[in-house]
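For this chain, numbers begin at 1 and follow the sequence in order. Just the heavy atoms: all of them, side chains too, but no hydrogens, waters or symmetry mates, feed the values below.
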Amino acid sequence: MKVVIVGGVAGGATAAARLRRLDEKAQIIVLERSGFVSYANCGLPYYIGGVISEKSALTLQTPQSFWNRFQIDVRVNNEVLSIHPEEKKVVVQNREDGSTYEESYDKLILSPGAKSIRPNLAGMDSEQIFTLRTVEDTFAIHTFLQQQKPKSAVIIGGGFIGLEMAENLLHTGMDVTVIERINQVMPPLDYDMACEIHPYLKSKGMNLLLGKSVVGFEPLDQQISVKLEAGESINTDMVVMAVGVQPETTLAKQAGLTLGVRDAIVVNQHMQTSDKDIYAVGDAVEINQFITGQKGLTPLAGPANKQGRIAADHICGRESSYCGAQGSSVIKLFDMTAASTGINEKTAQQLKIPYDKIVTLSASHATYYPGANNMVVKVLFSPEDGTILGAQIVGFDGVDKRIDVLATAIRAKMTAADLTELELSYAPPYSSAKDPVNMAGYVIENLLNKTVKQYHWHDVEQLPRDGSVTLLDVRTETEYQNGHIDGTLHIPVDILREHLSELDQSKPVYVNCQSGLRSYIACRILSQNGFDCYNLSGGYRFYASVMKDKSFYQTAVHPCGVKI
């Protein structure tokens with residue numbers, strides 16, 4: 001059997017190695033148009049920032065190491081120009097000498113990846129504008145930094161690559177501005193969770209321009225002018241475009257393969273295309289979203305590696321299947337970590353998926369052990385049975401392990417009750433006896449069994465101030481004086497029982513504390529004394545975080561469709 005693989009990064013390299021492990025006699029050829037194979041896309045920004053100092057660390061394998069260990073013929077700088085399914089061959093160009101040749105196959109695996117989006121804007125051809133997708137892109141930026149020694153940079157796009165590039169350029173001492181057309185960074189997060197990130201990035205010296213669109217570029221003497229809507233502009237020494245990627249499916253389209261969402265390659269659960277002898281994996285394929293069942297794209301390394309393995313399995317006669325992606329992701333932002341898995345509110349609302357949500361503030365480990373930091377945990381769940389639909393966490397230590405537990409819970413279709421039963425490892429330096437994941441389960445369980453009712457930050461403004469409801473703050477006097485919701489009555493939770501007679505039992509009571517815990521206790525006291533009580537999800541701290549962000553970035557509608 002002869003297998004030709006187009007593309008030698010995550011999906012293609014994994015497929016090649018798996019094929020060899022399953023079939024020692026197969027002829028395996030990997031054709032990679034760049035000069036590098038099996039390289040770590042996710043590590044590229046860190047080479048630019050000097051965190052990764054050696055070029056060789058970016059490449060996990062070389063053509064020679066592939067041959068030595070696997071007897072796989074890896075050809076870099078060899079670009080496939082066309083696929084001819086009826087003849088089962090590909091036409092290849094050697095980019096070093098320009099020669100072309102044909103290569104036959106029994107099975108073909110396409111792993112062409114995705115390409116950086118370069119908007120059709122005036123001035124985009126400037127040599128001071130870069131994208132970051134390949135090792136060659138990385139070296140081009142690195143060379144520019146070394147030779148031109150720029151003092152400022154504008155990053156267009158506030159997603160993973162944009163923020164990682166911004167952080168790493170800041171590490172070099174540059175002045176860095178991030179421009180994002182929507183009113184938040186990190187689109188996988190909901191707006192309210194992104195509000196936890198914005199002030200932190202600004203505290204680290206990052207300039208954020210949110211809700212701004214770039215309309216073009218204009219060369220200056222030594223700089224480049226970034227033109228924004230409404231006539232604004234920013235002069236800078238270099239620009240990095242990080243507005244996303246699109247599937248690289250030119251070959252698939254020319255070969256007549258069926259394409260789907262955003263021209264991604266349609267595949268079945270075995271990663272077969274519309275041609276049974278051609279498979280496709282990675283960023284170029286259309287996949288099912290695990291939670292929603294919707295077709296979509298998930299340009300992440302984890303799914304690409306899994307798909308490469310599944311394609312190799314199926315070629316070798318094993319019935320491996322890909323069950324869909326839930327988009328689990330994590331990002332380091334200086335010392336902060338932000339992570340998500342499953343669906344967010346934006347997706348749930350767009351697809352009209354019934355959901356409820358909770359927001360908790362939990363310590364990364366036992367608070368009596370030094371170094372504990374709080375993390376904000378947001379979980380979406382089914383209001384019918386508590387099945388976990390999605391989660392987002394922003395914090396410092398321990399964020400990654402909690403999101404992984406919740407990602408596993410989603411894959412296993414676990415409920416909030418299941419989260420409360422999870423027996424997670426505990427020692428004071430690592431967690432608490434009630435882990436933040438357990439706590440999320442307890443809070444959801446309390447909502448489902450009507451132990452407590454809640455309201456959210458976006459409900460506060462609509463609450464009447466005409467005396468028909470009671471707004472109650474149960475924090476300490478110092479906390480209350482440092483900031484509070486307008487119109488709230490202040491009674492600390494520890495003396496609430498003695499002041500119940502001051503409250504009108506005929507009026508609903510909307511309670512808040514700093515995090516939601518003391519107000520929950522207050523609600524239990526009130527509800528058992530005949531009051532109709534609602535607890536502020538996430539507490540005053542979360543509410544204030546969003547309100548402060550709104551004061552910096554005023555927009556008509558936030559991404560969940562709530563007017564702000």
Side-chain angles (χ1 to χ4, degrees), residues 2-17 19-20 26-44 47-48 52 54-84 88-105 107-116 118 127 130-144 245-255 265 278-284 299 301 304-305 308:
K2 181 178 180 181
V3 182
V4 172
I5 301 173
V6 180
V9 191
T14 296
L19 280 167
R20 177 56 75 223
Q27 181 184 1
I28 306 168
I29 300 172
V30 177
L31 302 170
E32 169 58 47
R33 68 180 176 183
S34 77
F36 301 88
V37 68
S38 189
Y39 58 83
N41 293 82
C42 301
L44 300 182
Y47 175 73
I48 292 169
I52 298 172
E54 297 296 328
K55 287 183 180 181
S56 59
L58 296 175
T59 53
L60 307 178
Q61 295 281 356
T62 65
Q64 189 60 50
S65 67
F66 255 114
W67 180 258
N68 292 343
R69 178 162 296 179
F70 298 111
Q71 299 285 284
I72 292 172
D73 180 5
V74 176
R75 305 173 191 172
V76 295
N77 292 312
N78 276 248
E79 180 176 9
V80 175
L81 301 179
S82 60
I83 303 169
H84 301 276
K88 298 185 75 169
K89 69 179 184 182
V90 295
V91 177
V92 189
Q93 181 181 59
N94 185 322
R95 300 181 70 182
E96 293 180 344
D97 60 18
S99 62
T100 61
Y101 63 95
E102 294 181 353
E103 198 68 63
S104 63
Y105 64 83
K107 301 292 182 182
L108 180 67
I109 300 177
L110 301 180
S111 182
K115 57 187 176 183
S116 298
R118 292 183 65 91
E127 294 182 355
F130 300 88
T131 58
L132 181 62
R133 184 67 185 172
T134 67
V135 175
E136 286 87 350
D137 294 338
T138 306
F139 293 162
I141 295 173
H142 191 265
T143 299
F144 185 86
V245 296
Q246 59 189 38
E248 179 58 275
T249 57
T250 303
L251 286 173
K253 179 181 268 188
Q254 291 174 349
I265 305 169
I278 302 179
Y279 294 71
V281 301
D283 297 354
N305 278 278

Nearest heavy atoms of [X] and [Y], plus distance in Å:
X	Y	answer
Ala10	Ala304	CB-CB, 4.1 Å
Ile52	Gly43	CD1-O, 3.6 Å
Phe66	Ala13	CZ-CB, 3.9 Å
Ile5	Leu19	CD1-CD1, 4.1 Å
Ser116	Val245	CA-CG1, 4.2 Å
Val30	Ala16	CG2-CB, 3.8 Å

Next on the checklist: Just checking Glu136: does its CD atom have more than 12 heavy atoms from other residues, nucleotides or ligands closer to it than 6.0 angstrom?
Outcome noted: yes

Indicate yes or no for a side-chain donor-acceptor contact from [X] to the backbone of [Y] under 3.5 Å, with no hydrogens or angles considered.
X	Y	result
Thr249	Ala252	no
Arg20	Gln71	yes
Glu32	Ser34	yes

Checklist entry - Quick one: does Leu132's side chain get under 4.5 Å of Ile48's, heavy atoms only? => result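 In short, these two side chains touch, coming nearer than 4.5 Å.
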
Next on the checklist: With heavy-atom distances below 4.5 Å as the criterion, would you say the side chains of Tyr105 and Ile83 are in contact?
Outcome noted: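 Answer yes - side chains close enough.
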
Interatomic spacing from [atom1] in [X] to [atom2] in [Y] - rounded to 0.5 Å:
X	Y	atom1	atom2	value
Asp137	Thr131	CG	OG1	4.5 Å
Gln64	Arg69	CD	CZ	12.5 Å
Gln61	Asn68	CD	CG	9.5 Å
Lys88	Lys107	NZ	NZ	6.0 Å
Leu31	Gln93	CG	CD	12.5 Å

Checklist entry - Could you walk me through whether Tyr47 and Ile141 pass the side-chain contact (heavy atoms from CB on, under 4.5 Å) check? => result CA-CA 10 Å; Tyr47 175 73; Ile141 295 173; over 6 Å; no

Item to check | Partners meeting salt bridge (Lys or Arg N to Asp or Glu O under 4.0 Å) with Arg133 (sequence neighbours left out) | outcome: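 Counting only residues at least two positions away or on another chain, Arg133 forms a salt bridge (Lys or Arg N to Asp or Glu O under 4.0 Å) with Asp283.
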
Checklist entry - With Glu248, which residues qualify under side chain to side chain contact (heavy atoms under 4.5 Å, CB included), at least two apart? => result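 Glu248 satisfies side chain to side chain contact (heavy atoms under 4.5 Å, CB included) with Arg33, Pro112, Lys115, Thr250 once adjacent residues are dropped.
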
Item to check | side-chain contact (heavy atoms from CB on, under 4.5 Å) evaluation trace for Val3 with Tyr279 | outcome: CA-CA 11 Å; Val3 182; Tyr279 294 71; over 6 Å; no

Item to check | Given Val9, Leu44, Val37, the one that forms side-chain contact (heavy atoms from CB on, under 4.5 Å) with Val135 | outcome: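 So, applying the side-chain contact (heavy atoms from CB on, under 4.5 Å) to Val135 and each of Val9, Leu44, Val37, only Leu44 qualifies.
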
Checklist entry - Who are the side chain to side chain donor-acceptor pair (under 3.5 Å) partners of Glu103, not counting sequence neighbours? => result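 With sequence neighbours excluded, Glu103 shows a side chain to side chain donor-acceptor pair (under 3.5 Å) to Lys2, Arg75, given in chain and number order.
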
